[in-house]
Amino acid sequence: MIPVPGFEGRRVAVFGLGRSGITAARALQAGGAIPVLWDDGVSGRMQAEAEGFIVEDLTRADWSGFAALVLSPGAPLTHPKPHWTVERAHAAGVPVIGDVELFARALDALPNDQRPRVVAITGTNGKSTTTALIGWVLKSAGLSVHIGGNIGIGVLALPAPTPDAVYVIEVSSYQLDLTTRFAPDVAILTNISPDHLDRHGGMEGYVAAKQRIFQAQGPEALALVGVDEAWGQGIAADLRAQGRRAETVSTDPSPLAGEGGSRSETDEGSLTLSESPLEPSAGATPHPSPSGPPSPARGEGYVAAPGQLSLNGQSVADLSAARSLPGRHNAQNAAFAYAAARALGVSHDAAVEGLLTFPGLAHRMEAVGRLDGVRFINDSKGTNADAARQALASYPSVFWIAGGKAKEGGIEALRDLFPHVAKAYLIGEAAEAFAKTLGDTPHIVAHTMERAVELAGADAAKAGGEQVVLLSPACASFDQFPDFEVRGEAFRAAVLALGAKAEPAA
């Protein structure tokens, strides 16, 4: 646990007692605060009472006595309308913050020579894989690494800071909206596409929330921005205009070559690594000194292509042997991981070795089983069309399982990839709408996961040769499953029920 100082002897309201809320309460209490907890659900309040916390109905509380409100990221801050606790806090002049902000304040309270380093990752898609990949590469290189945040363990439940530690933190737009001091040494924005627009009041609010990952970084910190879309290009340009150390990653060589199109504005400053790695805090355990290709000079950049990572046309890493990094999007994830590792002092050879040995992330392009020539791929984390695009584009032909609770636009944006679909098997609320969009593309409404897997497996086997059954829903899971993890496990169970041989889990 990471104790949070700064609120000693003061009452701090904590609303929402899920993973982040209850962990925040423990961290505040460990730092000397008096957390006052509330949740709309009885079970959360019962858990808090069982741990000995003060549980108080915040609808009746005297808000003038609170030093802060720690809000669950699941509660709306601004849209569709502010949560009632936010309105009470604003009326009383109480700051509204989240668990990532508490983490930042805990690190701020440390002497400079005791502070660990922080790598933070956000983006619409790819952030979980990039987070796990960076953690793997750094651990493989011998660093002391703690991975958490929006992936796995809540950030405040991670081990207490030590000078030699590196925290690798995935942060969502909801969490970033509740930060002011969060200042990672390396901040990564993988990409931006429309998502969670209802919670941010539209695209402008969503982009602004993502951009907050860079807001408090110091002059020596590194910002890495994916520029395969206009929003990333604009953010990178803004950061550079401020004189920030902002570098970019692209899956298209045109920004680096100065070829036409909207990306030409990103020619200058495309993904460069620092000319020297970020210095560890004084007293920290030394890290391996960089070796291999020299760090690129400002204005040069990486291009991530399937199986290949290159710098100005020269190969940096051959990723063709990286079984868990198929497709262009995973090459981009690898570029971010390589850049972050090198910036933290990891040698070229160690960084590449980490990329090649990465076992993959559960529910993201995860091979879960094989039945004769049919491979079953679990991409349950593909919860929107842009994420599903990355999976579909990774294979020439797939038997595609899709559907769930549809996001805005459905799968219309994937129309150019329908030729990759041998047949689609549609489940959940979106099934009928997706069937209309697919049109002449072979498809069937299967309704349930079990039926979809059974039908897809049989058709793939009939096709003969090497085939892929891909679950990449392009939808949220909340119509039939509590979250994408449970959906992915339902897919795995259905695959194994067919008699498929399990492949090692990530």
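One is the number of the first residue; the rest follow in order along the sequence. Keep in mind it's a predicted model, so treat the numbers as computed, not measured.
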*Which of parallel (below 30°), tilted (30 to 60°) and perpendicular (above 60°) describes Tyr167 and His146?*
tilted

*Under 6.0 Å from the six-membered ring centre of Tyr174 and within 45° of its axis: does the NZ or CZ of Arg199 meet both?*
yes

*Residue Met46 excluded, over 12 heavy atoms near CE under 6.0 Å*: no

*CG/Leu143 to CG/Leu138 distance, rounded to the nearest 0.5 angstrom?*
5.5 Å

*Would you call the rings of His196 and Tyr206 parallel, tilted or perpendicular if under 30° counts as parallel and over 60° as perpendicular?*
perpendicular

*Kindly state whether the ring of Phe15 and the ring of Trp84 have centres lying under 6.0 angstrom apart.*
yes

_Please determine whether the number of non-hydrogen atoms from other residues, nucleotides or ligands lying under 6.0 Å from atom CD of Glu204 exceeds 12._
no

*Start with the C-alpha gap between Arg115 and Asp108, add the side-chain angles, then the distance that decides, and say whether salt bridge (charged side-chain N to carboxylate O under 4.0 Å, His left out) holds.*
CA-CA 8 Å; Arg115 292 185 63 174; Asp108 279 350; 3.6 Å; yes

*Looking only at atom types and distance, does a side-chain atom of Arg11 sit under 3.5 Å from a main-chain N or O of Phe66, one as donor and one as acceptor?*
no

*Can the positive tip of Lys405 be found less than 6.0 Å from the middle of the six-membered ring of Phe478, inside 45° of the ring normal?*
no

*Does Thr130 offer a backbone N or O that forms a donor-acceptor pair with the side chain of Asn333 under 3.5 Å?*
no

*Can you tell me if Ser472 uses its side chain to pair, donor with acceptor, with the backbone of Gly382 under 3.5 Å?*
no

